[in-house]
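Here's the structure we're looking at; comments come further down.
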Protein chains: 2
Amino acid sequence: MPSHEFQSHDHSHCVSDAMNAALLHCEKNSLKFTPVRQRVFEILLSEHKAMGAYDILEILAKEGMGSQPPVVYRALDFLGTHGFVHKIEKLNAFVACEHPGSDHDPAFMICRSCTKVVEMEGSPNSEISTAAKSMGFEVEAIVVEAEGLCPTCQDTE
Amino acid sequence: MPSHEFQSHDHSHCVSDAMNAALLHCEKNSLKFTPVRQRVFEILLSEHKAMGAYDILEILAKEGMGSQPPVVYRALDFLGTHGFVHKIEKLNAFVACEHPGSDHDPAFMICRSCTKVVEMEGSPNSEISTAAKSMGFEVEAIVVEAEGLCPTCQDTE
DNA sequence: GAGGGCTTGATATACTATAACAGTTCATAT
DNA sequence: ATATGAACTGTTATAGTATATCAAGCCCTC
Ligand SMILES: [Zn+2]
Ligand SMILES: [Zn+2]
Ligand SMILES: [Zn+2]
Ligand SMILES: [Zn+2]
């Protein structure tokens with residue numbers, strides 16, 4: 001399966017896989033996957049792009065699901081806590097997780113041209129953990145965000 | 001020299017080394033290291049901690065060096081462009097660079113307890129670059145920020 | 001059916017960052 | 001020496017991101 005998310009692909013699978021994983025996980029852990037939370041997750045799943053909280057809020061508001069910031073921030077907090085979405089610190093924005101179910105420190109590639117965001121496979125940060133450990137630093141979470149050009153945008157430059 | 005910046009150390013060396021390197025670099029490249037820029041850099045050098053733009057601004061204002069946000073953001077932009085300071089995306093805050101002179105993608109350790117921030121040696125992100133390259137992604141800049149507990153704060157927990 | 005925990009609604013506010021324009025300074029070119 | 005222009009600073013206004021707080025509703029359970 002070399003088709004990764006920068007290339008065109010059957011995106012409906014991304015959506016249904018992620019949503020099913022989330023539904024299952026909430027079911028198993030008695031988490032309340034409420035309409036607002038579910039809708040925010042759907043919105044983030046619609047594309048492999050990061051969205052700002054206020055962009056999401058605007059969509060929610062149009063649909064009559066809450067029009068104030070705390071609504072969306074609370075939903076994002078829930079989704080983040082349970083690993084369904086990640087925050088992209090560099091962009092102050094949020095993306096749906098592409099590796100649902102697994103507990104992981106995500107690492108991202110952000111295309112500055114098409115603005116797509118893709119999660120790397122396998123959390124390639126053992127090197128960082130090692131470097132930190134060698135200084136006696138105990139790592140609890142790692143932010144890794146690579147910005148640049150995706151394969152498609154390199155061609156069309 | 002295993003004394004790294006989480007431990008107590010002769011910090012005046014950090015300050016003077018960084019300031020000298022900056023002065024030299026500006027001299028060599030005909031950059032205008034103006035009073036505001038120099039003072040902002042000094043403020044960031046005073047501790048190995050990240051400071052918010054408005055924290056810096058507050059100090060500047062007390063000293064009569066400009067009291068409006070653009071003043072500090074412009075100074076930070078200059079200092080960042082020329083590699084004297086880095087932004088910590090996770091904190092929306094800024095730190096003085098600990099490896100002046102070298103052009104580098106920084107990588108940080110952030111202690112959540114004492115809030116000190118230390119730059120790792122050697123930009124340990126070849127693993128990430130490799131992973132990205134294998135997907136055809138061309139990396140231009142990398143954010144690496146590890147959050148956790150520094151050696152000192154692990155003991156006192 | 002009363003209590004308690006969690007979710008949502010709503011208001012207000014805090015925090016972070018930039019746009020735009022005016023005034024100054026300083027180096028350079030005529 | 002003066003004009004020109006680029007870059008820096010001052011200032012006002014505004015945009016964008018995030019949280020604190022309190023009130024009201026829902027759901028589970030005891
Ligand atoms: Zn997809
Ligand atoms: Zn993920
Ligand atoms: Zn020091
Ligand atoms: Zn540095």
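What you see below is based on every heavy atom in this structure, not just the backbone, and it leaves out hydrogens, waters and symmetry mates. First the proteins, then the strands, lettered A, B, ... as listed; each starts at 1. Predicted, not measured: the structure shown is a model, and the values here were computed from it.
When the nearest nucleotides of DNA chain D are assigned to Arg74(A) and Ala93(A) by heavy-atom distance, the more 5′-ward of the two goes with Ala93(A). Residue whose closest nucleotide on DNA chain C sits further toward the 5' end, between Tyr73(B) and Pro35(A): Pro35(A). Along DNA chain D, the nucleotide nearest to Lys32(B) and the one nearest to Pro69(B) differ in position, and the one closer to the 5' end is contacted by Lys32(B).
Each of Lys116(B), His9(B), Glu5(B), His4(B) was scored for a side-chain hydrogen bond (donor to acceptor under 3.5 Å, both in side chains) with His48(B), with one residue passing: His9(B).
dG10(D) atom P lies 12 Å from atom CZ of Arg37(B), rounded to whole Å. Here dA7(D) presents its C1' atom at 16 Å from CG of Asn29(B), a figure rounded to the nearest Å. A straight line from CG of Leu31(B) to P of dC26(C) spans 17 Å, rounded to a whole angstrom. Rounded to an integer number of Å, the gap from Gln38(A) CD to dT8(C) C1' is 16 Å. Whole-Å rounding puts the Ile88(B) CD1 to dT16(C) C1' distance at 16 Å. The CG atom of Asp77(A) sits 13 Å away from the C1' atom of dT7(C) (whole-angstrom rounding).
Listed here is the closest heavy atom pair of Cys14(B) and Leu45(B): O-CD2, 4.4 Å. Nearest approach of Leu57(A) to Gly66(A), heavy atoms of both residues: CD1-O, 3.7 Å. Considering all non-hydrogen atoms of both residues, Glu89(A) and Glu145(A) come closest at N-OE2, 2.7 Å. A pairwise comparison of heavy atoms in Phe137(A) and Gly148(B) identifies CZ-N, 3.4 Å as the closest pair. Across all their heavy atoms, Pro151(B) and Gln7(B) have their closest contact at CB-NE2, 3.8 Å.
Residues Leu24(A) and Phe41(A) do not share a hydrophobic cluster, clusters being chains of Ile/Leu/Val/Met/Phe/Trp/Tyr side chains in contact below 4.5 Å.
Side-chain proximity of Gln68(A) to the nucleotides dT12(D), dA10(C), dG9(C) is greatest for dA10(C). Comparing dT11(C), dG10(D), dT12(D) by their closest approach to the side chain of Pro70(A) singles out dT11(C).
Residue Lys87(A) places at least one side-chain N or O under 4.0 Å from the OP1 or OP2 atom of dA18(D). Not one side-chain nitrogen or oxygen of Asn92(B) sits closer than 4.0 Å to the OP1 or OP2 atom of dC15(C).
The closest donor-acceptor contact from the side chain of Glu127(B) to the backbone of Ser126(A) lies under 3.5 Å. A donor-acceptor distance shorter than 3.5 angstrom exists from the side chain of Arg37(B) to the backbone of Lys32(B), with no hydrogens or angles considered.
Helix-axis bend for the helix from dG1(C)-dC30(D) to dT30(C)-dA1(D): the local axis fitted to the five terminal pairs at one end deviates from that at the other end by 20°, rounded to 10°.
Near DNA chain D, meaning a heavy atom under 4.0 Å from it, residues 50-67 of chain A has Tyr54(A) in order of number.
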